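Keep in mind the model is a prediction, meaning the values are calculated, not measured. Residue numbers start at 1 and run along the sequence shown.
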Amino acid sequence: MRHAPLKTIAALSIAAAFGGSAATAIREGLDAPAKAEPPAAAAVPAMATLPAAVDGQMLPSLAPMLQRVTPAVVSVHTKQRVRIRNPFADDPMFRRLFPQVPQERINQSLGSGVVVDAAKGLVLTNHHVIEGADEVSVTLSDGRTFPATFVGSDPDTDVALMKIQADNLVALPVANSDQLRVGDFVVAVGNPFGFSQTVTSGIVSAVGRSGLPGMGYQNFIQTDASINPGNSGGALVNLRGELVGINTATFNPQGSRAGDIGIGFAIPTNLAGNVMRQLADTGEVRRGSLGMETQTVDDKLAQGLGLDAARGTGVSPV
């Protein structure tokens with residue numbers, strides 16, 4: 001019993017020593033900055049790269065197809081001389097005092113085009129691209145530039161045909177646009193905002209689209225491939241590199257300069273090809289017409305015709 005106090009004192013001394021050591025270790029741990037353990041070298045690769053193949057299958061790429069397509073897509077440059085209406089231009093005194101006052105200015109614009117016949121040098125574009133131009137030139141993807149000769153154009157379908165004299169041209173094969181289906185992948189190639197040889201991709205959003213304000217005959221391919229100012233007259237191709245449409249318009253409630261919102265339109269090649277053949281043969285498009293006009297039968301017209309209900313359409317000669 002005499003040794004009990006000594007054992008108790010010894011136990012308390014050991015506990016106090018252990019507690020002090022533990023507290024010192026914790027305090028040193030808190031004072032030391034945290035250090036992250038470096039990961040094992042084999043756990044993370046030095047550079048993240050896409051594999052060339054997955055399960056033995058090569059990853060898809062549009063590059064091989066575009067190597068055949070882009071040489072056939074051209075830049076179209078136009079110049080138009082516009083006379084300046086100066087109220088003093090007819091005054092001899094004014095002309096003597098200011099002989100250097102310009103009497104005209106040059107308007108320039110840029111669009112796109114597609115070589116559709118390499119042997120004949122035929123280039124298809126939009127009517128609004130070359131409308132009113134005094135000079136038109138075509139720049140190929142290899143940098144060569146040639147003056148273009150106007151063959152003909154059709155404002156109703158917004159199709160125009162030009163001709164250039166050049167060697168080693170590449171033309172696009174033309175597909176049957178009637179076989180396009182909603183959901184088919186398509187690629188637009190052109191020169192938006194002056195950036196040459198720009199490629200965008202998307203799908204066919206709709207076919208036979210109409211109802212665009214300010215347009216003529218409408219049977220458009222709608223696509224979400226980006227089409228911007230400068231793309232007009234460029235190529236819309238399928239994944240085989242065949243021409244399925246001529247890019248012609250984009251829709252944006254705030255105007256074309258506001259940017260692309262994924263609603264673009266192209267003229268189907270079946271329509272553009274028919275117009276092109278007429279332009280190549282005669283320089284103009286001739287269409288048949290019927291000497292009649294139609295009118296929806298409303299209540300007033302139904303009453304005048306003695307009908308029991310307002311339905312159908314009235315047809316009358318003109």
Side-chain angles (χ1 to χ4, degrees), residues 60-80 106-131 133-153 158-175 185-202 223 225-248 250 260 264 266-267 269 272-273 276 279-280:
S61 174
L62 297 175
M65 178 270 286
L66 289 171
Q67 287 179 344
R68 303 189 304 270
V69 168
T70 52
V73 181
V74 302
S75 300
V76 179
H77 305 265
T78 66
K79 292 183 179 180
Q80 181 182 18
I106 304 296
N107 290 343
Q108 301 187 55
S109 64
L110 175 66
S112 305
V114 183
V115 179
V116 290
D117 191 320
K120 296 180 180 179
L122 296 180
V123 178
L124 205 58
T125 187
N126 285 146
H127 166 78
H128 76 261
V129 170
I130 54 88
E131 182 180 11
D134 297 306
E135 298 179 22
V136 181
S137 61
V138 169
T139 300
L140 306 180
S141 62
D142 59 12
R144 293 182 294 164
T145 299
F146 301 93
T149 302
F150 177 77
V151 176
S153 67
D158 199 22
V159 173
L161 186 64
M162 305 178 296
K163 187 175 183 179
I164 60 174
Q165 297 290 337
D167 298 326
N168 302 319
L169 290 176
V170 176
L172 282 185
V174 179
F185 286 100
V186 287
V187 179
V189 186
N191 307 282
F193 302 107
F195 295 105
S196 61
Q197 292 297 326
T198 297
V199 177
T200 57
S201 65
T223 178
S226 294
I227 297 175
N228 287 290
N231 268 117
S232 293
L236 188 73
V237 301
N238 58 24
L239 295 186
R240 290 186 293 272
E242 299 168 333
L243 185 68
V244 296
I246 300 296
N247 302 324
T248 187
T250 184
D260 172 71
I267 304 166
T269 50
M276 180 190 71
L279 294 176

- request: Pick out which of V129, T248, I246, T125 makes a side-chain contact (heavy atoms from CB on, under 4.5 Å) with D158.
  value: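 Single side-chain contact (heavy atoms from CB on, under 4.5 Å) partner of D158 among V129, T248, I246, T125: T248.
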- request: From the options V73, V74, L122, L172, select the one residue that forms a side-chain contact (heavy atoms from CB on, under 4.5 Å) with V115.
  value: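 Between V115 and the candidates, side-chain contact (heavy atoms from CB on, under 4.5 Å) is satisfied uniquely by V74.
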field: With sequence neighbours excluded, residues passing side chain to side chain donor-acceptor pair (under 3.5 Å) with N168
entry: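 Side chain to side chain donor-acceptor pair (under 3.5 Å) check on N168 returns nothing, list empty.
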message: Among residues at least two apart in sequence or on other chains, which ones pass side chain to side chain donor-acceptor pair (under 3.5 Å) with E135?
response: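 Partners of E135 under the side chain to side chain donor-acceptor pair (under 3.5 Å) test: R81.
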Where is the tightest heavy-atom contact between [X] and [Y], given as atom of each residue plus distance?
{"X": "I164", "Y": "P147", "answer": "CG2-O, 3.8 Å"}
{"X": "A225", "Y": "G202", "answer": "CB-N, 3.8 Å"}
{"X": "N231", "Y": "S226", "answer": "OD1-O, 4.0 Å"}
{"X": "A171", "Y": "D117", "answer": "CB-N, 3.9 Å"}
{"X": "S153", "Y": "L279", "answer": "N-CD2, 3.6 Å"}
{"X": "R240", "Y": "R68", "answer": "O-NH2, 3.5 Å"}

Donor-acceptor pair, distance only, cut-off 3.5 Å: does the side chain of [X] make one with the backbone of [Y]?
{"X": "S232", "Y": "G111", "result": "no"}
{"X": "S112", "Y": "G190", "result": "no"}
{"X": "N247", "Y": "A235", "result": "yes"}
{"X": "N126", "Y": "H128", "result": "no"}
{"X": "Q197", "Y": "S141", "result": "no"}
{"X": "T78", "Y": "I130", "result": "no"}

query: Are any non-hydrogen side-chain atoms of T145 and H77 less than 4.5 angstrom apart?
result: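 When only atoms from C-beta onward are counted, H77 and T145 do not touch, as no gap falls below 4.5 Å.
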message: Is it the case that atom CZ in R144 sees more than 12 heavy atoms from other parts of the structure closer than 6.0 Å?
response: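 Enclosed: over 12 neighbouring heavy atoms sit under 6.0 Å from CZ of R144.
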task: Give a yes or no on whether F150 atom CZ has more than 12 heavy-atom contacts from other residues, nucleotides or ligands under 6.0 Å away.
output: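 Enclosed: over 12 neighbouring heavy atoms sit under 6.0 Å from CZ of F150.
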To the nearest 0.5 Å, what is the distance between [atom1] ([X]) and [atom2] ([Y])?
{"X": "L161", "Y": "L124", "atom1": "CG", "atom2": "CG", "value": "6.0 Å"}
{"X": "D142", "Y": "L169", "atom1": "CG", "atom2": "CG", "value": "9.0 Å"}
{"X": "F185", "Y": "T223", "atom1": "CZ", "atom2": "OG1", "value": "11.0 Å"}
{"X": "T70", "Y": "L140", "atom1": "OG1", "atom2": "CG", "value": "11.5 Å"}
{"X": "T200", "Y": "N228", "atom1": "OG1", "atom2": "CG", "value": "8.0 Å"}

task: Please list all pairs passing the salt bridge (Lys or Arg N to Asp or Glu O under 4.0 Å) test where one or both residues lie in residues 160-169, with sequence neighbours left out.
output: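 For residues 160-169: none.
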query: Could you walk me through whether V76 and M162 pass the side-chain contact (heavy atoms from CB on, under 4.5 Å) check?
result: CA-CA 10 Å; V76 179; M162 305 178 296; 4.0 Å; yes
- request: Decide yes or no on side-chain contact (heavy atoms from CB on, under 4.5 Å) for T198 and F193, but give the supporting numbers first.
  value: CA-CA 10 Å; T198 297; F193 302 107; over 6 Å; no
task: Report the C-alpha separation of V199 and V69 in whole Å, then their side-chain angles, then the decisive distance to 0.1 Å, and conclude whether the side-chain contact (heavy atoms from CB on, under 4.5 Å) test is met.
output: CA-CA 10 Å; V199 177; V69 168; over 6 Å; no
- request: May I have the step-by-step check of side-chain contact (heavy atoms from CB on, under 4.5 Å) for T269 and E242, ending in yes or no?
  value: CA-CA 10 Å; T269 50; E242 299 168 333; over 6 Å; no
